[in-house]
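What follows is a short report on a single structure.
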There are 2 protein chains.
Amino acid sequence: MEQLLELVRAHGGRVTTPRRAILSSLLELGSHVTAEELAEHVQERHPDIHLSTVYRTLDTLAKLEVIDHVHVGHGRAVFHMADETHHHVSCRRCGAVLEVPDSLFAELARQLEDDHAFALDHGHFALSGVCRRCRPG
Amino acid sequence: MEQLLELVRAHGGRVTTPRRAILSSLLELGSHVTAEELAEHVQERHPDIHLSTVYRTLDTLAKLEVIDHVHVGHGRAVFHMADETHHHVSCRRCGAVLEVPDSLFAELARQLEDDHAFALDHGHFALSGVCRRCRPG
DNA sequence: TTCCGTGCAAACAATTTGCAATAGA
DNA sequence: TCTATTGCAAATTGTTTGCACGGAA
């Protein structure tokens, strides 16, 4: 936590009450939070911290590569710590999200690299499919 | 074209001028059109066909599994004929889209199936990464 | 003191929806 | 006729932005 705040400061940013609160909630809630879920949690203690401030802080942290955001399903993005590199697959029916180790994508990444000089990201978008429970039959 | 319209009719739908026009433009423009691009093309001949009608028609065609939509990058979705099954990877910097044969995903799909009983879709979401031209260095 | 960061309200983009009028089957 | 479909405007959702004030460095 303090290290991360120090990183913000090192890049000319300021350590403010909202930033402390948001980062703290982010660490407490763990992975895969939406901005809105995060804002709600923050607002339990600091009711006046605005959703737009949450978005701006998430943006700042993303630029410092502290967090990543992943698009899973239609609209909302979820955020997680950048050090957890895994891919996501989500069920198109129920929305459940499965975390998949990077290693499963290694071969695919190698082929994209070899054939197209394309460097695959660590799961910036979730793949979609149908999970066990929603599978027909 | 006529077969597809017949399919609409077979499911209790009606074949209307807007639907003809939209389907025709869709076939003419080929893959990876956004709803807005499609609407613009349709409106060259039928200026009064509304964007929302395009969305509704795309929706209808998607339910009949005539087309698929793919989310590539931030906002907009692109549509393509359902019989073209390939995956997409898109460059996070420049937005370029690469079509990738399903076969590259076969091993991944098999492992998701074996390990999680998860049935991977044909590229409902594009993977993201950095393309050759945008690659640093 | 100097800007960065904040709250707020308003803007935004992409898509969806309610409704009354219209037109296929 | 009867109900699916349309145009239009307005609502929704998720996120971003302009602005004047307040607070870190």
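Since we're looking at a predicted model, the values are computed, not measured. In the text below, chain A, chain B and the rest are named by the order of the sequence lines, each starting its count at 1.
- Judged by distance alone, the side chain of Arg19(B) and the main-chain N or O of Arg14(B) form a donor-acceptor pair under 3.5 Å.
- dC8(D) atom P lies 10 Å from atom CD of Gln43(B), rounded to whole Å.
- For the pair Asp48(B) and Gly12(B), both in contact range of DNA chain D, the more 5′-proximal nearest nucleotide belongs to Gly12(B).
- At the heavy-atom level, Thr17(B) lies nowhere under 4.0 Å from the strands shown.
- Among the heavy atoms of the strands, none lies under 4.0 Å from Thr34(A).
- Checking Val97(A), Val78(A), Asp121(A) one by one against Val70(A), the side chain to side chain contact (heavy atoms under 4.5 Å, CB included) holds for a single residue, Val78(A).
- Contact annotation for Arg56(A): base contact, defined as any heavy-atom pair under 4.0 Å involving a base atom.
- Distance Ile22(B) CD1 to dT6(D) C1': 10 Å, rounded to the nearest Å.
- Nucleotides of DNA chain C nearest to Phe79(B) and Arg14(B) differ in position, and the one nearer the 5' end is that of Phe79(B).
- Taken from CZ in Phe79(B) to CG in Leu58(B), the straight-line distance is 4.5 Å, to the nearest 0.5 Å.
- At a threshold of 4.0 angstrom between heavy atoms, the contacts of Asp59(B) with the nucleic acid are absent.
- Closest to the Ile49(B) side chain, of the nucleotides dT2(C), dG7(D), dG7(C), is dG7(D).
- Distance from the side chain of Val15(A) is smallest to dA25(D) among dC8(D), dA4(D), dA25(D).
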Taking Watson-Crick and G-U wobble pairs with both distances under 3.5 Å, convert DNA chain C into its dot-bracket string, 5' to 3', dots for unpaired and | for cross-strand pairs.
|||||||||||.||.||||||||||
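- Across all strands shown, Ala35(A) has no heavy atoms under 4.0 Å from either base or sugar-phosphate atoms.
- Put simply, CZ on Arg92(A) and NE2 on His124(B) are 7.5 Å apart, with the number rounded to the nearest 0.5 Å.
- Closest to the side chain of Ser52(B), out of dT17(C), dG7(C), dG14(D), is dT17(C).
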